[in-house]
Amino acid sequence: MDKSINCGVARRMANEMEKNNVKVGDYIVIQRQNYTKLHKVTLKGIVMLGKDQLELGPIIGRPVWKTYKMIPKKNGKRVFVLKECDNYESLAEQLKKDVSCGSDNRNIFDDGRSQLLSTEEIVSLRTSGMSGQAIVGQLIENSKTFRDKTEYSQEKYLKKKEKKYFEYITIRWPTIRLITEVMYRTDPLKIMGLRMDTLSQILTIVGIHTHGTYMVYESGCQGLVAAAMLNNINIGGQLVHIHPGNLPQKQAILAMNYDNDKMSCLISVNIYSLLRKLQENSASDENNVEVNKKESVINESFLSESESDNKAIKNEENSSNDVIDTKENVITEKGSGSGRLVCDSLKKDDKEFVEEKEITLNVVHERKRKHSDPGESMSKKPRWELETEKAADFLRPSKADGLVIISREHPSNILTALLPYVAPSRPFIIFCPYREPLLEIYIQLKRKNNTVGLRVTETWLRSHQILPSRTHPDILMSGSGGYLLTGIVVECSTSTNTQESGSSLQ
Amino acid sequence: MSFDKFKDTIEQGDTVILYLNVNSMHAIQVQPKIKNKKDEWVENVFQTTYGALKVQSLVGKKFGTKVALSRGWAYVLHPTPELWTLTLPHRTQIIYTPDISMIIFQLEIRPGSVVVESGTGSGSLSHALIRCIKPQGHLYTFDFHEYRVSVAREEFETHGIGQYVSVKQQDVCQDGFGTELNGKADALFLDLPHPWEAVPHAAAVIKDLGKLNQTYRFEGQSNDFLTVEGLPKELSVKMIWRDVYTNSLFTNF
């Protein structure tokens, strides 16, 4: 089924991966009707789908998008093996055909006794290995009221039974859309209530070009935003994934089965290390005549705030210790050695950092200069430090084309720390499950002159049921998908504007 | 060049977004002369409520900086599909960023995708789609209105993205999308008065695992259907502060 392209356009990378065969170690999405579940394929894979246990052996080596029938192992428990099949039959179609229906429900009395089969009998039908269609057929036959129901009511009943007895699953390749759906439905708090429409807006507003450099600070979102942004970046572009603690949350990134090329565009760095690296090199550069004047101006201002910022960052890290429920080892203040990746130079940083809180700004400068002596850089650098340097190298000369912040912590000081590294006329966007922090930041940003186009928005999303004569909005609706603060970075004008300008009211 | 890559300095021929305030922005073409209503070439001077701007003076200025107007100032911003959506000349009702985001998200469009769109309208969605799929993807967009097709084509060229898009005048409900596109599209989007008429043609064009999106409220993909409506709500933020000791009122927004 290989269709070659003659339209004069280059190769198409998009759906190549969807023609993949399932390998051990891949993540896949198992779908049963509307229920989807993310699963990592293992050799003797067994997965629980609700109360049913499925043995996933047959899917390995087969292409995705195959449908499998769940065939019960007749041992009395709800364990199933899979058999590939071409498509599934819908119960509703099959069973509705031969049954007459009523016109309305005036004579239907719901006394809970319409079903003649008892619970035990139904359960035994199920464990006996009878097919789903046969079981539902039995239920209909033994129902006193089924024939009196209206056509719509019968359909609804069958759909409900189908959901319970549906015995086909489809294997799908994960996409951002699917993963977002799975995560939001399973546990929205794990992704801070980031609903798909809000995520889609983040991705569009930050405006990802395949060859741009983008920063994302993410804490508490399972790596979903980083995975989504990485989706649109190719070789030539970079995504600097900034996180608190030693290890980023990567669940969603892993789930996307990104290949090595794609993963090479991703640099994960700890925020504290990154900022230190960006600061420290420019502090030593201050003595260097060739340094870019503008850069040092910006870094100067950062340094002058650095004491309060570092305090703030430290506080942020401490609070993130409490809030983030992960097994990561976070850099602790005393360097207590609980961090696996804590190495000598970092421990030294931490100890000196504790002292720094009592020291004035001048000493901060001195300490920074101490760090740039050559002896230290001669020793073999650990991986995290190399990654941090790589990230700093991207951000220092030409800054990022966009910034996304999605954090459990209050975003204010994170924004202040990272905004200087966004190029002028580029967007930044902050997500927060609550509106209050964004309102505070809005007011703060309005006072400075380094951003324009500030907007705080929330989206209202409602889904609809579309059926003939039964189209209406769904009864349940999500209350909130979180709030967004968006804006565009501009160059701070250094000259004071003496003219009274109408636009200065903004 | 304008929409294809970011650059630092404004050059002749660029599209620039003149930002006055969050609700007032204008797209300007940087060229020395411009045609007025009488079809005469006159000096390109842009008038705003804060004064006039000699557009030629923008050449050499950096994006993201302030420029002086005769009675005030404004910022010049780099064009993006989002800013273009807010400033483009409407030839039809357009789709705005919240819906555009949802469409791109649901259609799973990514770099390299081949996307088919009808109708082109004013090109609001098209700009966002192109940004998403370039440099290796391609957008095939159709509209049955001759003038709109030619304006759209011209705009894509001026914006430096003409290589990533093909605009064609065609009534897709009657005549389909053209057999050369059969089985090529990763994603297809319909925003038409009667989209159901185009669906059979759409089915031929979409690849085995492609996606179909209709009037941004439907999604069809084998058996997966989703209908949503979204409404963005913008919050207006104001701080009103009364100093009780001096009895003065400060407002900060």
Side-chain angles (χ1 to χ4, degrees), chain A residues 1 3 5-7 9-15 18 65 175-177 196-197 199-201 203-205 207 209-210 212 231-232 234 401 423-427 435 439 442-443 446-447 452-464 466 488-491 493 497 499 501-504 506, chain B residues 5-6 19-22 49-50 62-66 71-75 77-78 80-82 97-98 100-102 104-106 108 110-114 128 131-132 134-138 180-181 183-184 186 207-210 218 225-235 237 239 252-253:
Chain A
M1 288 262 260
K3 298 171 187 180
I5 302 168
N6 301 338
C7 342
V9 187
R11 63 197 163 89
R12 186 171 56 237
M13 295 160 11
N15 281 345
E18 299 201 353
W65 280 106
T175 61
I176 295 293
R177 190 179 62 92
M196 63 168 176
D197 56 322
L199 176 61
S200 70
Q201 286 185 46
L203 297 173
T204 302
I205 292 174
H209 290 247
T210 52
N231 199 27
N232 281 356
N234 274 340
D401 293 316
S425 193
R426 303 285 186 272
R435 70 172 71 176
L439 303 182
Y442 181 98
I443 302 281
K446 277 290 191 188
R447 290 207 181 105
V452 294
L454 291 174
R455 280 198 151 98
V456 181
T457 56
E458 179 200 4
T459 324
W460 180 90
L461 187 76
R462 183 165 77 175
S463 60
H464 294 252
I466 310 284
I488 302 177
V489 174
V490 290
E491 262 187 29
S493 52
N497 211 338
Q499 280 176 312
S501 171
S503 45
S504 69
Q506 278 299 321
Chain B
K5 294 198 187 334
F6 279 117
Y19 174 96
L20 301 172
N21 61 51
V22 74
T49 48
Y50 300 120
K62 296 186 76 180
F63 282 110
T65 55
K66 248 187 206 178
R71 288 193 304 276
W73 42 260
Y75 282 95
L77 299 177
H78 201 287
T80 63
E82 287 66 57
T97 304
I100 292 178
S101 329
M102 192 59 158
I104 294 180
F105 189 80
Q106 291 292 333
E108 296 178 2
R110 53 201 135 163
S113 292
V114 173
R131 174 185 58 195
C132 222
K134 66 179 178 75
Q136 279 141 335
H138 203 83
E180 67 274 5
L181 282 183
K184 306 276 190 284
D186 293 308
K207 292 175 69 166
D208 287 339
L209 302 167
F218 283 79
F225 283 89
L226 172 77
T227 307
V228 288
E229 60 176 314
L231 191 71
K233 302 182 327 196
E234 185 170 339
L235 305 178
V237 187
M239 180 154 96
N252 179 338
F253 29 39

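In the text below, chain A, chain B and the rest are named by the order of the sequence lines, each starting its count at 1.
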So, for [X] and [Y], which heavy atoms are closest and what is the spacing to 0.1 Å?
| X | Y | result |
| --- | --- | --- |
| B:P111 | A:T210 | CG-CG2, 3.2 Å |
| A:G207 | B:R131 | CA-NH1, 3.2 Å |
| B:V22 | A:R455 | O-NH2, 3.8 Å |

So, does A:R426 use its side chain to make a donor-acceptor pair with the main chain of B:G64 at under 3.5 Å?
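No; zero donor-acceptor contacts below 3.5 Å.
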Hey, what do you get for [atom1] ([X]) to [atom2] ([Y]), rounding to the nearest 0.5 Å?
| X | Y | atom1 | atom2 | value |
| --- | --- | --- | --- | --- |
| B:M102 | A:Q201 | CE | CD | 9.0 Å |
| B:F6 | A:H209 | CZ | NE2 | 4.0 Å |
| B:F63 | A:I488 | CZ | CD1 | 12.5 Å |
| A:D401 | B:K5 | CG | NZ | 11.5 Å |

Can you tell if the side chain of B:C132 reaches within under 4.5 Å of the side chain of A:N232, non-hydrogen atoms only?
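Yes, at least one pair of side-chain atoms sits under 4.5 Å.
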Just so I know, are the side chains of A:I205 and B:S101 near enough to count as touching, which here means a heavy-atom distance under 4.5 Å?
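The answer is no, as the side chains (C-beta and beyond) never meet within the 4.5 Å cut-off.
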Contact class of A:L461 relative to chain B, heavy atoms under 4.5 angstrom
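For A:L461, backbone and side chain are both near chain B.
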Quick one: what part of A:I176 sits under 4.5 Å from any heavy atom of chain B, side chain, backbone, both or neither?
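Answer is both: backbone and side chain atoms of A:I176 are under 4.5 Å from chain B.
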Residue B:Y75 versus chain A: region with a heavy atom under 4.5 Å
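It is the side chain, since no backbone atom gets that close.
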